[in-house]
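Working notes for the structure below.
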Amino acid sequence: MNEEINIKKQLKISVPIAFESLINILMTLVDTLVISVIGTTELAALGAMSVIINIMQMSIQTMNVSNNTLVAKAIGEKDENKIKLTTGNSIFITILISIITIIIIYIIKPVFPNLFEVDEICNIYLTIRLIGFIQSSIVTVLSGHQRTIGNQGNILVLRIFAVVLNLILDLIAVKQGYGIKGVAWVTVFIDTILAIYLLIKSKNTIKYKLNKIYFKEIFKLFKWNFIERIASRVDNFIFNLIVAKMGNLEYAVHVILIQIANIYEAFIQGFGDGITISIGIASGNNKENSMKKVKEVAKKLINICAFIFPIIVFIIAIIVMRISLQEKELQNIFYSILPLLVIGTYVTMSATYYFAILRGIRDFKFLAKRNIISSISKIILAIFLAFTPLGIVGVWIAYLAYGLIQKYLSKNRYNQIFNKKT
């Protein structure tokens, strides 16, 4: 991890993390595809609760990113004790946050059916998922820890096992007539297995001992990272709510499209996380040439991927559409939005260079401000365009504008930081 980086070594770090992130989000897509066979009512209910669960996971993902950047820095500093204590304290915070989140969501869940205009079965699904939320949170943070210390391949294999098992058990649950409840219990079961495995696997690389210094350092990054993510989660919530009000057809298509967008964003995020780890290590060893080399390698990789990824997403989107959207009217809505989805893939991939480096140098305060600006812009534009003849297409134009604004702001910040240094 401390050797000079090159394209091959960066790929060895980034690719397993990217595929693991992809496979992780495939867990949700598998649930969506299986439920889509049952009916539109169940699909809409699952889609609505996926938005809520995504918001719930926000704080845990925030903790994961904060922990990973600090662990990467500690690796660069060659401080093994700091690596162990950082993740140990992150786990304490993670469990506390998970408990608070479960209580809040359980109290407010009665409003969700009317809010999203979906069947009340959505709350049955959500209640079951709450049972596995602590386990899922532990899996998120411990997986990130293992990736950062160099065990990307092992975590990738673990995630592949999980998604295959999820598919098999989902199909069995639906075939046996358990429906959306069965699918929820399958997810809880798998999260529990993964949590137990990772707790055992990580016991030699983590110290579960409360330390005020590391606790404060984690919380300092968590604060701004939380603001960054809550801005995007709130705008996604409103974004989905706008489409839900348009009708079942539009929302059913939107659920599929947003799942595809989540897939490519997760893959790209994972790819960027690999770069973030390398940047974090470079910042820890405090060698200017090391940072410069990581940036050069990252730029080359991002330029290549920005060309390839949109093509892959287009192919995946067509395949998913043919499986899950059989009606002609649904397909017509899908095709009207598909170009925006593909262009959005390019924008997100090309912008990841700046996102990853800014996270690697722990510039979370800027990232928080960036997300607030881009999220407000997205919602205002989405609301305005939703009431024009463009309808759902207009809403997705706002989604694309969101990505463009984030890229522009991040690029400017990157230039400010590194032009000053040079």
Side-chain angles (χ1 to χ4, degrees), residues 17 20 24 53-107 129-151 154-155 158-159 187-188 190-230 233 273 276-277 280 284 359 362 364-365 367-368:
I17 298 176
E20 189 224 319
N24 190 32
I53 292 169
N54 194 26
I55 293 174
M56 290 169 55
Q57 292 172 337
M58 170 200 64
S59 56
I60 306 305
Q61 291 166 348
T62 298
M63 179 57 59
N64 181 43
V65 172
S66 302
N67 181 67
N68 292 347
T69 54
L70 288 172
V71 169
K73 184 173 181 289
I75 291 173
E77 295 168 344
K78 299 181 180 180
D79 191 336
E80 186 175 342
N81 191 55
K82 185 175 181 180
I83 294 170
K84 293 180 178 181
L85 284 172
T86 297
T87 301
N89 281 265
S90 292
I91 289 294
F92 290 145
I93 300 172
T94 296
I95 293 173
L96 178 61
I97 292 172
S98 297
I99 293 171
I100 295 171
T101 301
I102 291 170
I103 294 171
I104 293 173
I105 296 298
Y106 187 80
I107 291 172
R129 289 296 302 272
L130 288 178
I131 295 171
F133 186 64
I134 292 177
Q135 301 94 299
S136 174
S137 300
I138 291 172
V139 170
T140 298
V141 176
L142 290 185
S143 293
H145 171 81
Q146 288 293 328
R147 289 194 308 261
T148 306
I149 64 175
N151 295 330
N154 290 337
I155 300 302
L158 183 67
R159 290 296 189 180
T187 303
V188 172
I190 292 174
D191 283 337
T192 302
I193 291 176
L194 295 183
I196 294 171
Y197 171 81
L198 285 167
L199 283 167
I200 296 171
K201 182 177 178 61
S202 303
K203 64 180 182 178
N204 294 325
T205 60
I206 296 174
K207 284 184 180 179
Y208 297 104
K209 180 181 179 181
L210 189 63
N211 183 292
K212 291 182 179 180
I213 295 175
Y214 296 124
F215 190 95
K216 289 180 180 178
E217 191 174 9
I218 295 165
F219 186 77
K220 182 179 179 181
L221 288 186
F222 173 83
K223 178 180 66 176
W224 288 112
N225 199 2
F226 180 81
I227 294 173
E228 174 197 352
R229 289 176 181 270
I230 197 172
R233 293 305 186 275
D273 285 348
T276 295
I277 289 172
R359 286 195 177 96
R362 299 168 295 284
F364 291 127
K365 184 174 183 179
L367 292 171

* Asked: Can you tell me if CZ on Phe92 sees more than 12 non-hydrogen neighbours from other groups inside 6.0 Å?
  ->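 Buried by this count: over 12 neighbours within 6.0 Å.
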* To do: Take atom CD1 of Ile213 as the centre, draw a 6.0 Å sphere, and report whether it contains more than 12 heavy atoms from other residues, nucleotides or ligands.
  => no
* **Test salt bridge (Lys or Arg N to Asp or Glu O under 4.0 Å) applied to Arg359 - qualifying residues, sequence neighbours left out** =>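 Applying salt bridge (Lys or Arg N to Asp or Glu O under 4.0 Å) to Arg359 gives Glu228.
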* Taking only residues two or more places apart in sequence or in another chain, which ones pass salt bridge (Lys or Arg N to Asp or Glu O under 4.0 Å) with Lys82? ->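 Here the qualifying residues are Glu77, Glu217.
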Is [Y] close to [X] at the side-chain level, that is, under 4.5 Å between some pair of heavy atoms?
X	Y	value
Leu158	Tyr197	yes
Met63	Ile218	yes
Asn68	Thr276	no
Thr87	Thr205	no
His145	Ile206	yes
Arg129	Ile53	yes

[atom1]/[X] to [atom2]/[Y] distance, rounded to the nearest 0.5 angstrom?
X	Y	atom1	atom2	answer
Ile104	Ile99	CD1	CD1	12.0 Å
Arg147	Ser143	CZ	OG	6.0 Å
Phe133	Ile138	CZ	CD1	11.0 Å
Ile102	Met56	CD1	CE	6.5 Å
Phe364	Ser66	CZ	OG	5.0 Å
Leu221	Thr69	CG	OG1	5.0 Å

* **Test side-chain contact (heavy atoms from CB on, under 4.5 Å) applied to Leu142 and Lys201, step by step** => CA-CA 9 Å; Leu142 290 185; Lys201 182 177 178 61; over 6 Å; no
Got a donor-acceptor contact below 3.5 angstrom from the [X] side chain to the [Y] backbone?
X	Y	answer
Asn89	Tyr208	no
Ser202	Leu199	no
Asn211	Tyr214	yes

* **Non-hydrogen atoms of Gly144 and Asn64 that approach each other most closely** =>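 What the structure gives for the nearest pair is CA-OD1, 3.4 Å.
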* Looking at Ile277, Leu70, Thr148, which one forms a side-chain contact (heavy atoms from CB on, under 4.5 Å) with Ile75? ->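 With Ile75 as partner, side-chain contact (heavy atoms from CB on, under 4.5 Å) holds for just one option, Thr148.
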* Judged by modelled atom types alone, do Gln135 and Asp191 share a side-chain donor-acceptor pair under 3.5 Å? ->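 No pair is found: no donor N or O on one side chain lies under 3.5 Å from an acceptor on the other.
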* Please test Ser137 against Ile97 for side-chain contact (heavy atoms from CB on, under 4.5 Å), starting from the C-alpha separation and ending with a verdict. => CA-CA 9 Å; Ser137 300; Ile97 292 172; over 6 Å; no
